[in-house]
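Here the structure is laid out as structure tokens; the discussion comes afterwards.
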Amino acid sequence: MFVAFAHAFKTPDLRKKLLFTLGIIVVYRIGTHVPLPGVNYRAVQQCLDQSSSSQGLFGLVNLFSGGALLQITIFALGILPYITASIILQLLTVVIPRLEALKKEGQAGTTKITQYTRYLTVALAVLQGTGLVATARNGSLFQNCPVAGQVVPDRSIFTTVTMVITMTAGTAAVMWLGELITDRGIGNGMSILMFISIAATTPAALWAIKKQGSLAGGWIEFSGVVLVALALVGLVVFVEQAQRRIPVQYAKRMIGRRSYGGTSTYIPLKLNQAGVIPVIFASSLLYVPSLVAQFSPGDSGWKTWITQNLSKSDHPVYILAYSTLIVFFAFFYVAITFNPDEVAGNMKQYGGFIPGIRAGRPTAEYLGYVLNRITWPGSLYLGLIALVPTIALAVTGASQNFPFGGTSILIIVGVGLETVRQIESQLQQRHYEGFLR
């Protein structure tokens, strides 16, 4: 990886792209520290010093915003509205025929879907910004903080609208920065901003574990967490690279006097075909009951049950529900994104077939069978990685500051691998090192 970056900096145009990407990252990190107008910054810092870094319900949003959510800055919502909008549009593509037709139109259709994603991102930013302002005003953003009600001292309509508009504009600016990295940088801009947001909170969380530790000044706990992180990174890299390769043979075709086809290739089916999406879905869905209970008045029985069972990550009911939802969403997302009938139809159209399997319906059934077989271990692997904070709570009692949760480590490793692949591919296009060796 470091060799690839060294070669990239020696290439002038790639060096410009890397420096441009670094400049955008600096601008993004500066924006995560600019306070939102109408917020009492001293009260926010006092509450942050007294509360834990995970903040329960708001931990996922704070993770994707690089810690900007709990500081209530102009980039408080971060990249999460865009991620949510992208997932929603991807799911609706299967349901709405118009979106499915746009997807098949190539670059023009993709541009139109991207435009819809931007509109939906702004709408979601308005909704989430309104919810964040309302939560900050009633003091629910920071639990057990005596000055939580003073975070937003001015509760007028004008101040509220200004805060929501500023956060929405911040989300649009983050989306624009990500597209700049995609167009003029090294590519994959949104994922890189997500990677930076998660990685930015890691050093502070590691140092907090060191300060809270009691063995050898906290260095024993610190070293243990680092070793666990390295083991998890190795596991994630191994599984993310694992794939089932289904061989495909293309028959020879005579077109005029020339012969086409007769080649062999394969269909790569990743062990973790769904990526990090099931973990995000499961986390978001489990936040909904706790969020409803938090804003519901009174002390009813259902509210007490949700508070006791679904608001604590170490509770058996929460662990069971979380694992079940991850497995369910893994199969659900794979079924939506990979259509065996469509793949089998395309293979039959171009004269391709799987050795030993008839073209058409038998090929689709075989692909569905293989996909279900590899999705089971992939979903169980996601559930195991996602429960790392809970395991850390049981072993060290430091889950409140544990920096290597399932979602974060999957995103960091996945984006890192993809970025290295892109740099290596651009290097090969310029130096042809991969073909000359």
With a 4.5 Å cut-off on side-chain heavy atoms, are [Y] and [X] touching?
X    : Y    : result
Q241 : L417 : yes
V133 : T159 : no
I354 : L367 : yes
T363 : F353 : no
I267 : M347 : yes
T117 : Y82  : yes
R361 : D341 : yes
E240 : Y381 : yes

Item to check | Electrostatic pair E342-K104, nearest N-O below 4.0 angstrom | outcome: no
Next on the checklist: If you apply the rule side chain to side chain donor-acceptor pair (under 3.5 Å), what do you find for Y369 with E365, and how did you get there?
Outcome noted: CA-CA 6 Å; Y369 169 76; E365 293 177 353; over 6 Å; no
For the atom pair [atom1] ([X]) and [atom2] ([Y]), what is the distance rounded to the nearest 0.5 Å?
X    : Y    : atom1 : atom2 : answer
C47  : R42  : SG    : CZ    : 14.5 Å
T162 : M167 : OG1   : CE    : 11.0 Å
I181 : L22  : CD1   : CG    : 9.0 Å
F195 : I25  : CZ    : CD1   : 8.5 Å
I165 : T160 : CD1   : OG1   : 11.0 Å
I277 : I336 : CD1   : CD1   : 11.0 Å

Check [X] against [Y] and note the closest heavy-atom contact, atom names and distance.
X    : Y    : answer
A173 : F75  : CB-CE2, 4.1 Å
P153 : G38  : CD-O, 3.8 Å
P355 : P247 : CD-O, 3.4 Å
P278 : I326 : CB-O, 3.7 Å
K270 : I374 : O-CD1, 3.5 Å
L77  : G129 : CD1-N, 3.9 Å

Item to check | Y322 and Y318 aromatic ring geometry - parallel, tilted or perpendicular at 30°/60° bounds | outcome: tilted
Checklist entry - How are the rings of W376 and F331 set to each other: parallel, tilted or perpendicular (split at 30° and 60°)? => result perpendicular
Sidechain-backbone polar pair: [X] side chain, [Y] backbone, donor-acceptor under 3.5 Å:
X    : Y    : answer
T135 : G131 : yes
T171 : I79  : no
T182 : G189 : yes
T32  : R29  : yes

Item to check | Candidate pair L99 and L102, rule side chain to side chain contact (heavy atoms under 4.5 Å, CB included), full reasoning | outcome: CA-CA 5 Å; L99 293 177; L102 285 175; 4.3 Å; yes
Checklist entry - Yes or no on side chain to side chain contact (heavy atoms under 4.5 Å, CB included) for R15 and L19, after CA distance, side-chain angles and deciding distance? => result CA-CA 6 Å; R15 183 169 61 247; L19 293 177; 4.0 Å; yes
Checklist entry - Considering residues, nucleotides and ligands other than L227, do more than 12 of their heavy atoms fall under 6.0 Å from its CG? => result yes
Next on the checklist: Before you tell me yes or no, could you show the steps for V233 and I412 under side chain to side chain contact (heavy atoms under 4.5 Å, CB included), namely the whole-Å CA-CA distance, both residues' side-chain angles and the distance that decides it to 0.1 Å?
Outcome noted: CA-CA 9 Å; V233 169; I412 287 176; over 6 Å; no
Item to check | Working for side chain to side chain contact (heavy atoms under 4.5 Å, CB included), residues I87 and F281 | outcome: CA-CA 10 Å; I87 294 174; F281 276 9; 2.8 Å; yes
Item to check | Matching residue for L124 among L120, V126, T121 - test: side chain to side chain contact (heavy atoms under 4.5 Å, CB included) | outcome: L120
